[in-house]
Amino acid sequence: MGDSLASLNDKQREAVLETEGPLLILAGAGSGKTRVLTHRIAYLIAEKGVNPWNIMAITFTNKAAGEMRNRVDALVGMGSESIWVATFHSSCARILRRFADRLGYDTSFTIYDTDDQKSVMKEVCKYLQIDTKQLKERTILNAISGAKNELIDEVKFAEMTYGDFTQQRISNAYTEYQNRLRKNNAMDFDDLILNTVELFRSNPDVLALYTERFHYVHVDEYQDTNTAQFKLVELLSGGRRNLCVVGDDDQSIYRFRGANIRNILDFERVYPDATVIRLEQNYRSTQNILDAANGVIANNVGRKEKSLWTQEDAGRLIHYRPFDTAPQEAEYIADEIRHEVKKEGRTYGDFAILYRTNAQSRLLEEYLVREGIPYQVVGGVNFYSRKEIKDLLAYLKTIDNGRDDLAVKRILNVPKRSIGQTTIGKIEQYAIDHELGFYEALFLADQIPSLGKAAEKIHNFTTMIQAFRAKTEFYSLSELLEDIMDTISYEDYLHDDADSEEEYEGRIENIDELISKLVDFEQNRENADLSAFLEEVALVADIDSVEEDPDRVLLMTIHGAKGLEFSHVFLAGMEDGVFPGYMTISGGDREEMEEERRLAYVAITRAREELTISCAKARMLRGNTQYNPVSRFVREIPPQLMDNRIPKSRNPFADEQEDTLPFDRPFGDYPVRKESTKPSIFKTPYSTPGGRTLPKARPFALPKPAVTPVKAKPFLAKADAGAKQTSAAGAGFASIKYGVGDQVRHQKFGIGVVKAMEPGPRDTKVTVDFEEYGTKIMYAAFAKLEKTQ
DNA sequence: GTGCCTGCTCACGGG
DNA sequence: GAGCAGGCAC
């Protein structure tokens, strides 16, 4: 232990030794805060004799929790497993699984994700006759989420809306929404926190159970906590008041999600006896990168003054690369990565491409695929919100218990059973009239008037579900899932439903991944029941799925990159209107602009050795081409830190003052690749006010021949989003080498005989009678039928 | 009830 | 540019 303490710097050691009372650790980016936290926990156990059972550490993501757990395990060894290390949401879920009955929920409650919330809100709006063109579901849900984050429940909300018509409608929707969640025995993400606080407030005995357990409470990423989370932490640490929070106000980037930056800024006011320790020595980046970050963040007013420094060298200058168009930018990045891997011995895993919005990933992916560079996109559509995954989970949920109406409705007609909206409406009405759950009402289908033939279809459905239920006795989860897929011919359904063979294959890949997750879960959990799995699934974040070793470039939003670091970071799309976003610029809200600036700070500090900032004069946004000036954040970086200037032409809308700023600086060591003879992408070389011609940004390849791009490598399923838009070329239907009467082979359906061929405007419809699967009608391009000999 | 077409809206970030 | 609701034909 003494050894490990010696490995810390003075400030870090101070933070470890200051074990009693409230403590705020202001930890700048890369200042070793996880190290401090883990050493602190180890110190508590080894030197202070604290029982691991009495220590709690809360994080925001499972990944962060997992990392902390591993590092603590390594330091502490035996006994570390009884430390409570978990995310806010899973901590609350765990507590509520034990005590939710005190709040009138069943402890087997389900957790609703964003999609589920939207479905419920849709029904609510319909029910309350709210015109969703005037008042969107999203708007209402945002209002509700905002309220919950501030610990305002539907009753309080109603009291606050007096006299405001729109607010009253939202209030009504809030009330109805909560009613429905409660009826479905469901909680949304915000409810997990809100309900736990509520549980503690109304049940002192339950609270005492936890305050007696947690003698030392640690909170990571404290700047991202919202009011409800603050209250929760306050309650949990209320016993001995040994509360240690770690955060960086400069990295607070979740205001839109209710994060209250005042929690960290006012910590000393709330806890007047608090000790504050600043960690400003950075162990990650070069001084140039830190100076750039410091230069940008210094423009914020509402912050705690601090400045990062390092003992390391200045390092290389920041690469600034302006382009005419977004595709050129993407091509440059892909080419640069390929070059550095080939010539400079880097690995793909050294690189990350960061951007402001998920939509920007598409273009970048296209060029990475073209260059054959393996990559993984983090974020976008969450694995568990994919249609096929949600379908199958809805089956599992319904088999587990039919209390989640949403899940039952989702699968009632998947695959198609000719049970439509009208029938569902009638059952719903019947359920309401007789105070039944939706699933219960299904059993009484033959008593529901005017259901007609649909009643029998419903009967078949419930019989099937009951049969599955009976099987859960002797089936494992994965076996059950495979049995479901078999029984409902889910693969056939997906195949018919898909727009392309590639889409279908992607979905199958996802299902395979789900099955391996299930198997993995069953092997590594003691009580591997369905509810436990569903809970784990409900709380995973995108970043959680990123694996450590694979050698590939990571693409993600800046939000997704928080807490990560890379040797070489590409920061793409640095234009006013993209980053900071159009809304922020036109909104004129200073705090919002400061949040964007903090995001820029986070982005810059992800880089260890090299940072390449790029932008494009012309970019396709929302379907039309936009011309944006270089981001103000780039112009806030001291120009002498960059290896390229901001030429006037890059910045058509900037005023003189801003535009001239970077030009009176010496020229940097801008590298030009000597070995390349490829023509420049720039039509005209930039000229500077001084009349000197700028060296070209590194010349790169002309567009390559239009071959069908090959997916770089079948990495995680998430990469499939990228493969999708490049698929069309391969699916041409130019040569159909079979005719009516021929025997053909299909990849999935096997051998069959062509019964009919009907040419259409886009593609030929082929009817095939398969030996095993019967008659199928398919499009020639997608079916990829092969004539057998 | 299903499938197709059209026209509209929405385009920031995420547990 | 994409996804979705609503209208329409079958």
Side-chain angles (χ1 to χ4, degrees), chain A residues 58-65 86-93 111-115 117-118 122 125-126 132-133 136-139 141-142 145 148-149 187-193 221 224-226 228-229 252-259 354-363 378-382 384-385 387 412-413 415-425 452-454 457 496-497 499 537-544 556-562 573 577-585 587 592 595-596 598-599 602-603 619-626 721 724-725:
Chain A
I58 313 180
T59 63
F60 273 85
T61 64
N62 292 310
K63 189 181 166 68
T87 65
F88 269 103
H89 289 93
S90 58
S91 295
C92 289
I111 299 169
Y112 274 181
D113 66 16
T114 320
D115 286 349
Q117 288 180 286
K118 205 170 169 205
K122 233 178 232 171
C125 287
K126 213 165 160 188
T132 50
K133 278 185 183 127
K136 286 166 207 114
E137 291 101 339
R138 259 279 38 95
T139 314
L141 284 167
N142 282 340
S145 175
K148 287 181 178 175
N149 290 335
M187 300 187 192
D188 64 23
F189 289 130
D190 301 317
D191 283 332
L192 291 175
I193 317 282
E221 305 279 16
D224 289 332
T225 52
N226 59 40
Q229 287 159 336
S252 168
I253 54 173
Y254 283 105
R255 196 167 87 116
F256 72 93
R257 205 168 74 191
L354 308 183
Y355 35 80
R356 178 66 178 87
T357 66
N358 275 311
Q360 288 167 256
S361 72
R362 241 196 54 179
L363 199 56
V378 181
V381 184
N382 185 303
Y384 290 101
S385 21
K387 174 199 150 44
L412 190 52
N413 198 30
K416 304 238 178 320
R417 300 186 178 92
S418 297
I419 304 171
Q421 211 44 59
T422 322
T423 307
I424 291 181
K453 278 180 284 181
K457 294 168 189 158
D496 294 342
D497 200 53
D499 290 330
V537 153
L539 296 173
V540 295
D542 295 324
I543 195 68
D544 298 333
M556 62 187 117
T557 64
I558 304 167
H559 281 92
K562 198 168 71 143
V578 177
F579 185 31
Y582 165 76
M583 299 279 273
T584 308
I585 295 171
E592 197 138 304
E595 171 132 330
E596 291 279 297
R598 289 192 290 270
L599 198 54
V602 168
R619 180 183 301 274
M620 184 85 101
L621 285 171
R622 305 161 206 160
N624 47 18
T625 305
Q626 301 210 348
K724 203 174 123 199
Q725 84 266 356

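Here the structure is a predicted model, which means the values were calculated and not measured. So that the names make sense, note that chain A is the first sequence line, chain B the second, and so on, each numbered from 1. Note that these values count all heavy atoms, side chains included, but never hydrogens, waters or copies made by symmetry.
In this structure, R356(A) contributes its side chain and V578(A) its backbone to no donor-acceptor pair below 3.5 Å. In this structure, H89(A) contributes its side chain and L192(A) its backbone to no donor-acceptor pair below 3.5 Å. Judged by distance alone, the side chain of E595(A) and the main-chain N or O of R255(A) form a donor-acceptor pair under 3.5 Å.
A distance of 7.5 Å separates CG of L363(A) from CZ of R619(A), quoted to the nearest 0.5 Å. The line from CG of L621(A) to OH of Y582(A) is 12.0 Å long, rounded to the nearest 0.5 Å.
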Check nucleotides 5-7 of chain C for protein N or O atoms closer than 3.5 Å to its own N or O atoms and list the pairs.
from	atom 1	to	atom 2	distance (Å)
dA5(C)	OP1	K122(A)	NZ	2.5

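The nearest whole Å value for the distance from the CG atom in D191(A) to the P atom in dG15(B) is 18 Å. Regarding R356(A), its CZ atom lies at a distance of 9 Å from the P atom of dG14(B), rounded to whole Å. One atom, OH of Y254(A), and another, P of dC12(B), lie 16 Å apart when rounded to the nearest Å. Distance CZ (R138(A)) to P (dG14(B)): 13 Å, rounded to an integer number of Å. Rounded to whole Å, atom P of dT2(B) lies 10 Å from atom CG of L412(A). Atom-to-atom, CD of E596(A) to C1' of dC12(B) comes out at 8 Å; the value is rounded to the nearest Å. Atom pair Q360(A):CD and dG13(B):P shows a separation of 9 Å (rounding to whole Å applied).
Across all strands shown, F60(A) has heavy atoms under 4.0 Å from sugar-phosphate atoms exclusively, and none from any base. Using a 4.0 Å heavy-atom distance criterion, T87(A) is classed as making no nucleic acid contact. Residue-level contact check: E592(A) touches the bases, meaning some heavy atom is under 4.0 Å from a base atom.
In plain terms, the two heavy atoms of R257(A) and F60(A) that are nearest each other are NH2-CD2, 3.9 Å. Between A603(A) and I558(A), the closest heavy-atom pair is CB-CG2, 3.7 Å.
A gap of 16 Å separates the P atoms of dG13(B) and dC4(C), to the nearest Å.
Taking a cutoff of 4.0 Å between a charged side-chain nitrogen and a carboxylate oxygen, K148(A) and D188(A) qualify as a salt bridge.
Set against dG13(B), dG15(B), dC12(B), the side chain of M583(A) has dC12(B) as its closest nucleotide. For M620(A), the side-chain atoms get nearest to dG1(C) when compared with the rest of dG13(B), dG1(B), dG1(C). Closest approach to the T422(A) side chain among dG15(B), dG13(B), dG1(B) is made by dG1(B) (side chain taken as heavy atoms from C-beta onward). Checking dG3(B), dG1(B), dG15(B) against the side-chain heavy atoms of R257(A) singles out dG15(B) as nearest. Set against dC12(B), dG13(B), dG15(B), the side chain of N358(A) has dG13(B) as its closest nucleotide. The side chain of H559(A) lies closest to dG14(B), out of dG15(B), dC12(B), dG14(B).
The phosphate of dT2(B) (OP1 or OP2) has a side-chain N or O of N413(A) nearer than 4.0 angstrom. Using a 4.0 Å cut-off, no side-chain N or O of T61(A) falls inside it from OP1 or OP2 of dG15(B). For T423(A), a side-chain nitrogen or oxygen approaches OP1 or OP2 of dG1(B) to under 4.0 Å. One finds no side-chain N or O of T584(A) lying less than 4.0 angstrom from the OP1 or OP2 phosphate oxygen of dC12(B). Contact between the side-chain N/O atoms of R362(A) and the OP1/OP2 oxygens of dG1(C) is not found at any separation under 4.0 Å.
Under the stacking criterion of a centre-to-centre distance below 5.5 angstrom and an interplanar angle below 30°, F256(A) sits stacked against the six-membered ring of dG13(B).
Where Q421(A) and T357(A) each meet DNA chain B at their nearest nucleotide, the meeting point lying more 5' is that of Q421(A).
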